[in-house]
Amino acid sequence: MTINPDDLYKFQEDNGYFKPNSESGKPTFTIMIPPPNITGQLHLGHAFTMTMQDIIIRYKRMVGFDCLLLPGTDHAAIATQMIVEKQLAEKGIYRREIGRAKFLDYVWQWKAECAGNITKQLRRLGYSSDWSRERFTMDDGMSDAVKEAFVRLYNDGLIYKAKRLVNWDPVMLTSVSDLEVLMKETAGSMWHIRYDIDGSDESIIVATTRPETMLGDSGVAVNPNDERFKHLIGKKAILPIIGRKIEIVGDDYADMTKGTGAVKITPAHDFNDFEVGKRHNLPVMNIFTETAKIDVKNIPDANDFVRSLDGMDRFEARKVIVEKLQELGNLVKIEPYTHQVPHAERGGAVIEPRLTEQWYCDVSEMAKKAIEFVKTGKIKFVPKMWENTFFSWLENIQPWCISRQLWWGHQIPAYYTDDGKIFVAKSLEEAQKMAGDGVHLTQDEDSLDTWFSSGLWPMSTLGWPNVEAPDYKHYFPTSTLITGFDIIFFWVARMIMMSIYFTGKAPFDTVVLHGLVRDEHGQKMSKTKGNVINPLELIDEFGIDAVRWTICTLSGQGRDMNFGRSLVENGRKFITKLRNAVNFWEQKGVKDAIVFDKTKSVASTNWILDKMNSAIDVAKNAIENYRYDEYAQTLYHFVWDDFCDNFIELSKSEIDGENGAIILATAKVVIQNILKMLQPVIPFVSAELYEELGFGRACDFIHESYAEKVQIDTSNTSDIDWMLSVISAIRNVRAENKIGFKTLLNIAFKSMPEGAKSYIDIIANHTNTKLSDESSDMISVVVDEATTVLIALPSANKDEAISKAKIELQEVEKRILSLEAQIAKMEGKAPAQVIEDRRKSLSDAMAKKSQLTEIIGG
RNA sequence: GGGUGUAUAGCUCAGUUGGCUAGAGCGUUACGUUGACAUCGUAGAGGUCGGUGGUUCGAGCCCACUUACACCCACCA
């Protein structure tokens with residue numbers, strides 16, 4: 001019988017298996033989904049983030065927490081608006097033509113479709129979240145929280161409006177924050193232009209990468225300490241083409257080593273120039289339209305040539321102006337020049353600094369608090385190194401430009417009277433009350449940065465600003481945030497700041513950051529490279545459990561993760577191995593095994609229980625520390641090596657004997673615990689096997705208790721380790737056909753620990769059939785893996801054995817010398833235990849040496 | 001320019017506070033098995049732990065310098 005994961009998931013979802021129970025009295029453990037953007041499909045990175053969360057949540061459920069995993073999606077203002085605009089444009093529909101309301105209808109349509117897709121995909125991942133609490137960053141509750149936050153911050157004086165230079169996206173026609181600007185190395189040119197000095201035959205040469213901005217030049221800056229230009233400070237330069245007289249100012253901003261040492265100042269189109277202009281009271285001339293085309297109406301001294309440029313694109317204008325400068329003889333030099341040019345993160349347009357009025361949020365105090373919370377350990381980053389990144393950003397934080405000229409998003413809750421008075425309120429009604437009856441109010445057209453609402457996510461999803469909301473009271477603050485490091489500033493920092501500001505509490509106590517998912521050779525996945533892996537295709541091909549297992553094995557230290565199909569194949573192999581192992585025990589009747597009684601044991605059952613106990617310890621410790629890789633590895637080795645390769649193999653010889661019942665009962669317990677440890681990672685296969693073996697219904701497995709250790713007598717477990725090594729040696733020797741079984745056993749018996757002698761029959765049983773017809777008067781070597789080499793020397797291969805022994809003897813002697821030297825040096829300096837260990841190694845080596853000598857000599 | 005991370009076997013990576021002869025998976029070689037195993041098992045080969053110097057009884061791990069790669073922040077002269 002196999003269980004379809006999607007069916008099991010649906011059944012569990014429909015019957016509330018993923019819902020928390022605040023009445024349970026258990027401690028809470030809460031994870032908020034980093035809401036995926038409604039811009040398309042989930043990618044592999046999402047699959048990692050979500051699986052990591054789900055593993056923790058499923059684990060915590062089993063160890064006794066009341067767990068809430070809250071799902072949702074993000075409206076992703078600019079990205080979504082861009083996608084919908086593009087789609088509509090393909091149909092010949094344009095945003096500006098249909099107007100805001102109509103356009104938003106289209107976006108909501110898209111949202112419904114896209115969010116539906118995403119949530120479907122999350123379900124396929126096995127994401128055990130409470131869907132009844134699903135949220136969207138623009139749903140009513142969220143909108144209310146956003147307005148509340150805005151109004152409060154405004155009333156507290158932290159949100160304000162200001163006219164400043166912003167990063168302007170001339171394609172999307174909106175401001176973007178500093179974080180949304182990507183600097184891209186771009187090949188360009190450096191143009192050296194000569195500006196003549198007014199009333200003198202001197203001239204000054206400025207270098208620029210953007211000659212077109214000279215139309216807005218209102219000064220030239222030189223360094224006041226620069227001997228070359230010092231005497232020009234206070235004089236005027238004549239702007240070529242226009243003839244405008246602009247001031248030459250002395251300012252430290254001018255770097256004597258860069259360019260020509262003289263820099264043209266265009267306050268309206270460069271952040272640094274803007275500052276210089278302010279310091280020297282230089283006029284600000286905005287020469288571009290919002291689409292970055294030349295705008296002549298702001299150039300008071302425009303001549304015919306300049307007027308001919310009106311409406312021309314900035315890059316086209318650049319060419320024309322350069323030609324003109326050349327014609328006029330003012331162009332001194334053109335050098336090829338590679339520099340960093342700002343591009344919009346979304347859409348990729350070249351950013352144009354632009355003087356506009358925008359809303360800002362002063363986050364400097366919040367940033368200080370956020371730093372303090374992390375420094376005092378109220379919030380912990382995993383891995384810790386990210387704390388430094390976090391600090392360095394917050395320490396240099398700038399006012400946050402929160403307004404966007406987009407339609408899709410939270411419209412800013414500010415209302416204007418016709419004469420420009422501002423009322424900030426949660427609704428028009430409230431604003432109206434403030435403004436007085438009969439005053440005409442219009443709402444601000446702008447919307448808020450997406451991250452303003454996501455910054456409130458951990459609170460608003462639980463009911464904030466209603467601090468009496470049951471969910472808020474019970475589940476806030478949340479426990480762990482798991483997300484990619486790339487949104488540490490955008491999102492993590494904002495959530496921390498907002499939460500502390502509004503609630504005084506950290507929104508979560510732990511932030512787990514993972515790296516980028518790359519292909520199996522560490523290359524970034526990209527469409528152009530064609531190495532993108534679609535998680536859904538993987539699920540179709542390998543099954544969700546194999547995919548989740550693979551994700552678990554790769555999620556460890558917060559580094560980038562290399563993901564390849566072959567790894568998922570390995571995951572599938574592991575799951576097959578597990579199924580087969582269970583199958584073996586089923587055939588032996590494990591389902592009807594007697595009740596496990598820890599007082600009834602044999603060596604092999606104690607041994608496997610001992611291994612299981614330590615696996616449980618290691619695994620729990622690993623997962624508690626978000627070491628998914630270690631968790632998976634521990635289980636992998638326990639299941640494959642200990643349980644399958646050894647325990648099953650050992651049991652084969654005993655299962656039909658008098659101890660069969662004990663072995664079966666033990667196997668049952670071990671399997672149950674294995675499945676429990678695997679449930680968080682491979683919930684579907686484990687649940688299926690759980691039901692198959694009669695432990696209970698598959699759907700209920702999610703609420704089982706976690707694996708627990710079994711107290712056992714461990715005094716004889718090392719004998720089994722010894723025995724296993726003998727068995728493997730026998731197999732190997734048999735493979736080499738060099739020794740008879742009886743001879744071998746005799747030798748083995750001589751070196752066997754007392755306690756192990758009683759198991760000699762097991763060895764005989766286990767190996768007998770395979771060795772019975774080997775000729776027994778032969779030769780050679782059995783390795784006791786612990787320390788020694790046992791060597792038998794029947795005549796035929798004597799020489800070979802001796803020469804092998806000689807080689808080994810050399811190594812042993814070297815080792816003895818080295819150990820002796822070490823011990824001598826350590827004397828009185830190293831801890832006693834370490835010296836003791838060395839002494840033991842030494843005596844083992846000595847023993848080996850005497851054995852080898854005997855062989856060689858005899 | 002400022003910062004962070006990484007460098008360990010052919011490949012992808014573990015290696016926790018310094019402690020015995022540095023590990024895993026894949027790949028590879030040999031042999032065996034196909035009676036739980038869509039295979040599996042056993043064994044072997046393969047590493048001067050990027051380099052140099054230092055601290056230490058002892059360094060893959062700590063310190064200094066250095067090389068290469070990746071990423072982040074700042075920067076349109």
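Each chain gets a letter, A, B and so on, in the order the sequences are listed, and its residues count up from 1.
Residue contacts for A:Asn388: at a heavy-atom cut-off of 4.0 Å it reaches no nucleic acid atom on any strand shown. Using a 4.0 Å heavy-atom criterion, one finds that A:Val834 contacts the bases of the nucleic acid, with or without backbone contacts as well. Here A:Thr209 lies in heavy-atom contact (under 4.0 Å) with a base. At the heavy-atom level, A:Thr576 lies under 4.0 Å from base atoms of the strands shown. As judged by a 4.0 angstrom heavy-atom cut-off over every strand, A:Phe390 is placed among residues making no nucleic acid contact. Within 4.0 Å of A:Glu586, counting heavy atoms only, lies no atom of the nucleic acid at all. Among the heavy atoms of the strands, none lies under 4.0 Å from A:Trp191. Across all strands shown, A:Phe271 has no heavy atoms under 4.0 Å from either base or sugar-phosphate atoms. Contact annotation for A:Arg839: no contact, since no heavy-atom pair falls under 4.0 Å across all strands. Residue-level contact check: A:Lys588 touches neither bases nor backbone, having no heavy atom under 4.0 Å from any strand. Note on A:Ala824: nothing from the nucleic acid sits closer than 4.0 angstrom, heavy atoms only. Backbone-only engagement by A:Glu520 is indicated by non-hydrogen atom pairs under 4.0 Å involving sugar-phosphate atoms exclusively. At a threshold of 4.0 angstrom between heavy atoms, the contacts of A:Ile351 include nucleobase atoms, whether or not backbone atoms are also involved. Across all strands, A:Glu630 comes closer than 4.0 Å to no nucleic acid atom at all (heavy-atom distances).
The side chain of A:Trp640 places an N or O atom within less than 4.0 Å of a non-bridging phosphate oxygen (OP1 or OP2) of B:G41. In terms of phosphate contacts, A:Asn272 brings a side-chain nitrogen or oxygen within less than 4.0 Å of OP1 or OP2 of B:C76. In this model, the phosphate group of B:C69 is not approached by any side-chain N or O of A:Gln523 to a distance below 4.0 Å at OP1 or OP2. The phosphate of B:C76 has neither OP1 nor OP2 within less than 4.0 Å of any side-chain N or O from A:Arg210. Contact between the side-chain N/O atoms of A:Arg627 and the OP1/OP2 oxygens of B:G15 is found at a separation under 4.0 Å.
B:G2 atom P lies 22 Å from atom CZ of A:Phe391, rounded to whole Å. Atom NE2 in A:His637 sits roughly 11 Å away from atom P in B:G41 (whole-Å rounding).
Rounded to the nearest Å, the gap between the C1' atom of B:G58 and that of B:U17 is 16 Å. With both ends at atom P, the span from B:U66 to B:C72 equals 25 Å, rounded to whole Å. Going from the P atom of B:G27 to that of B:A74 covers 45 Å, rounded to whole Å. Nucleotides B:A45 and B:U52 have their P atoms positioned 27 Å apart, rounded to a whole Å. Taking atom C1' on both B:C76 and B:U16, the two are 47 Å apart, rounded to the nearest angstrom. One P atom belongs to B:U67, the other to B:C13, and the distance between them is 25 Å to the nearest Å. For B:A9 and B:G5, the C1' atoms lie 23 Å apart once the distance is rounded to whole Å. Rounded to whole Å, the C1' atom of B:U12 lies 14 Å from the corresponding atom of B:U6.
Here B:U28 sits opposite B:G44 as a Watson-Crick or G-U wobble pair (both hydrogen-bonding atom distances under 3.5 Å). B:C75 is unpaired under the criterion used here, namely a Watson-Crick or G-U wobble arrangement in which both key atom distances are under 3.5 Å. Of the nucleotides present, none pairs with B:G35 by Watson-Crick or G-U wobble criteria with both distances under 3.5 Å. Under the Watson-Crick or G-U wobble criterion, with both distances below 3.5 Å, B:A70 is paired with B:U4. Shown here, B:G23 forms a base pair with B:C13; the pair counts as Watson-Crick or G-U wobble because both key distances fall under 3.5 Å. Across all strands shown, B:G58 forms no Watson-Crick or G-U wobble pair with both key distances under 3.5 Å.
Heavy-atom nearest nucleotides on RNA chain B were determined for A:Ser392 and for A:Cys644, and the one closer to the 5' end corresponds to A:Ser392. Nearest-nucleotide positions on RNA chain B place A:Phe584 closer to the 5' end than the other of A:Phe584 and A:Leu182.
Paired with A:Thr213 under the rule side-chain hydrogen bond (donor to acceptor under 3.5 Å, both in side chains), one option of A:Glu352, A:Lys264, A:His269 passes, and it is A:Lys264.
Between the side chains of A:His280 and A:Asp251, a donor-acceptor pair is found at a separation under 3.5 Å.
A ring-centre distance under 6.0 Å is found for A:Phe563 and A:Phe48.
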>> Between A:Asp629 and A:Arg627, does the salt bridge (charged side-chain N to carboxylate O under 4.0 Å, His left out) criterion hold? Intermediate values first, please.
In response: CA-CA 5 Å; A:Asp629 53 343; A:Arg627 287 302 304 265; 2.9 Å; yes

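Distances were taken from every side-chain heavy atom of A:Arg579 (C-beta onward) to each of B:C76, B:A38, B:A24; the shortest belongs to B:A38. Nearest nucleotide to the A:Arg559 side chain, out of B:A36, B:C13, B:A24: B:C13.
Geometric assessment of A:Arg494 against the ring of A:Trp400 yields a positive cation-pi assignment under the 6.0 Å and 45° thresholds.
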